[in-house]
*Asks:* 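To start, I am sharing the structure in question, which I have written as structure tokens.
Quantities reported herein were computed from a predicted structural model and do not represent experimental measurements. The figures that follow rest on heavy atoms only: side chains count, while hydrogens, waters and symmetry mates do not.
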Amino acid sequence: MVPKKGAYMAKDVERLSEFYQVPLRQPSNFFQVVIKKGSLSAMRFLTAIQMSHPEFLEGVSRELWQRIWSEDKDITEPESLLQAAKKAGMPEDLAQKSLSLMTSPEVKTRLKENTEKALEYGVFGMPSIVAHINEKTELFFGSDRFELLAHHLGEKWLGPVPHKSRL
């Protein structure tokens with residue numbers, strides 16, 4: 001919605017893609033995909049997975065991320081969600097069950113609670129990391145904050161480990 005920022009972000013995505021060796025590209029119709037369609041169905045699907053089969057949460061999350069940010073594919077339609085689950089190795093019956101649970105009051109309530117908790121921590125965008133350090137809650141925003149997070153954890157930051165198979 002801010003033209004100069006949009007142009008900058010497009011260039012920055014190219015730089016990040018090359019640096020991390022991860023195929024990144026903005027959706028071809030950014031406004032339609034990100035602003036208008038959004039990600040509510042994907043978030044509900046992931047919440048259902050988190051509640052019933054958390055062992056698949058990371059893999060399905062990564063596949064959905066890759067669909068929208070690497071492959072310019074949909075993440076809102078049921079078939080798209082099922083394709084991401086399949087690619088992540090989630091059995092079809094469990095994926096179908098998660099799909100059916102995503103409209104349940106329990107899933108909607110959990111997602112709302114998770115969102116409210118994020119807001120309580122001060123989260124305002126992504127990527128955000130909430131760290132609990134020495135009984136204090138610290139918020140870090142941006143993919144360029146890992147070194148600072150490591151410092152607060154008393155760890156040495158060794159830098160990113162680019163690898164194509166990380167997704």
Side-chain angles (χ1 to χ4, degrees), residues 1-27 30-51 53-76 80-81 84-85 88 98 102 106-163 166-167:
M1 290 188 241
V2 178
K4 287 190 185 276
K5 183 177 181 182
Y8 173 84
M9 288 177 68
K11 181 63 179 171
D12 208 37
V13 164
E14 289 176 28
R15 288 186 210 133
L16 289 167
S17 176
E18 185 272 327
F19 181 74
Y20 287 110
Q21 298 176 16
V22 173
L24 288 170
R25 66 176 192 220
Q26 285 192 35
F30 184 85
F31 185 83
Q32 175 69 24
V33 171
V34 176
I35 306 299
K36 194 167 181 188
K37 279 182 143 182
S39 59
L40 181 60
S41 59
M43 289 188 295
R44 286 182 179 166
F45 186 59
L46 290 170
T47 301
I49 291 170
Q50 179 186 36
M51 292 172 68
H53 301 286
E55 67 273 22
F56 295 106
L57 181 62
E58 181 178 346
V60 178
S61 295
R62 287 179 181 272
E63 290 302 329
L64 288 170
W65 183 92
Q66 191 163 348
R67 283 183 69 81
I68 192 169
W69 293 108
S70 290
E71 301 167 1
D72 195 14
K73 292 181 179 174
D74 177 74
I75 62 163
T76 63
S80 299
L81 301 173
S98 296
M102 61 186 266
E106 294 82 10
V107 167
K108 290 179 179 182
T109 297
R110 176 70 63 87
L111 179 56
K112 185 177 180 184
E113 290 168 352
N114 290 348
T115 303
E116 288 170 354
K117 191 71 168 171
L119 292 171
E120 286 173 20
Y121 286 133
V123 171
F124 56 88
M126 296 306 285
S128 292
I129 301 167
V130 177
H132 303 279
I133 306 167
N134 299 324
E135 299 182 30
K136 279 181 58 183
T137 301
E138 300 278 350
L139 174 66
F140 297 87
F141 175 75
S143 59
D144 59 345
R145 295 298 188 252
F146 293 111
E147 187 172 7
L148 187 57
L149 172 61
H151 171 76
H152 275 71
L153 291 170
E155 299 289 334
K156 181 176 171 129
W157 174 244
L158 301 175
V161 181
H163 194 280
R166 301 242 356 165
L167 287 177

*Asks:* Determine whether Ser80 and Lys73 make a side-chain contact, defined as any pair of heavy atoms from C-beta on separated by less than 4.5 Å.
*Replies:* no
*Asks:* Quick check: do Glu18 and Leu24 have side-chain heavy atoms less than 4.5 Å from each other?
*Replies:* no
*Asks:* Could you check whether any side-chain heavy atom of Trp65 comes within less than 4.5 Å of a side-chain heavy atom of Ser70, counting everything from C-beta outward?
*Replies:* yes
*Asks:* Rounded to the nearest 0.5 Å, what's the gap from CE on Met51 to CG on Leu111? Could you check?
*Replies:* 10.5 Å
*Asks:* What pairs with Ser17 under side chain to side chain donor-acceptor pair (under 3.5 Å), at least two apart in sequence or on another chain?
*Replies:* none
*Asks:* Could you list the residues that satisfy ring pair (Phe, Tyr, Trp, His ring centres under 6.0 Å) with Phe146, not counting sequence neighbours?
*Replies:* Trp157
*Asks:* Which value, rounded to the nearest 0.5 Å, describes the distance between Gln50 atom CD and Ser61 atom OG?
*Replies:* 8.5 Å
*Asks:* Would a 4.5 Å heavy-atom cut-off, applied to side chains only, mark Val60 and Arg62 as touching?
*Replies:* no
*Asks:* Is there any salt bridge (charged side-chain N to carboxylate O under 4.0 Å, His left out) pair reaching into residues 135-158, and which pairs are they, with sequence neighbours excluded?
*Replies:* Lys136-Glu138
*Asks:* Nearest 0.5 angstrom please: Ser98 OG to Phe56 CZ, how far?
*Replies:* 9.0 Å
*Asks:* Quick check for you: to the nearest 0.5 Å, what is the distance between Leu149 atom CG and Ile129 atom CD1?
*Replies:* 5.5 Å
*Asks:* Could you work out, with side chain to side chain contact (heavy atoms under 4.5 Å, CB included) as the rule, every residue matching Glu14, not counting sequence neighbours?
*Replies:* Lys11
*Asks:* Output, in order, the C-alpha distance, side-chain angles, deciding distance and verdict of side-chain contact (heavy atoms from CB on, under 4.5 Å) for Glu116 and Tyr121.
*Replies:* CA-CA 9 Å; Glu116 288 170 354; Tyr121 286 133; over 6 Å; no
*Asks:* Is the closest side-chain heavy-atom distance between Pro27 and Ile68 below 4.5 Å?
*Replies:* yes
*Asks:* Please name all residues satisfying side chain to side chain contact (heavy atoms under 4.5 Å, CB included) with Glu113, sequence neighbours left out, ordered by chain then number.
*Replies:* Thr109, Arg110
*Asks:* Show me, pair by pair, the donor-acceptor contacts under 3.5 angstrom made by side chains of residues 32-47, not counting sequence neighbours?
*Replies:*
residue	atom	partner	partner atom	Å
Lys37	NZ	Asp74	OD1	3.0
Ser41	OG	Thr76	O	2.9
Thr47	OG1	Met43	O	2.7

*Asks:* Could you state the interatomic distance from NE2 (His152) to CG (Asn134), rounded to the nearest 0.5 Å?
*Replies:* 10.0 Å
*Asks:* Please check if the number of heavy atoms outside Glu71 that lie under 6.0 Å from its CD is greater than 12.
*Replies:* yes
*Asks:* Surrounding CZ of Phe141 (heavy atoms of other residues, nucleotides or ligands, distance under 6.0 Å), is the total greater than 12?
*Replies:* yes
*Asks:* To the nearest 0.5 Å, how far apart are CD1 in Ile75 and CH2 in Trp69?
*Replies:* 9.0 Å
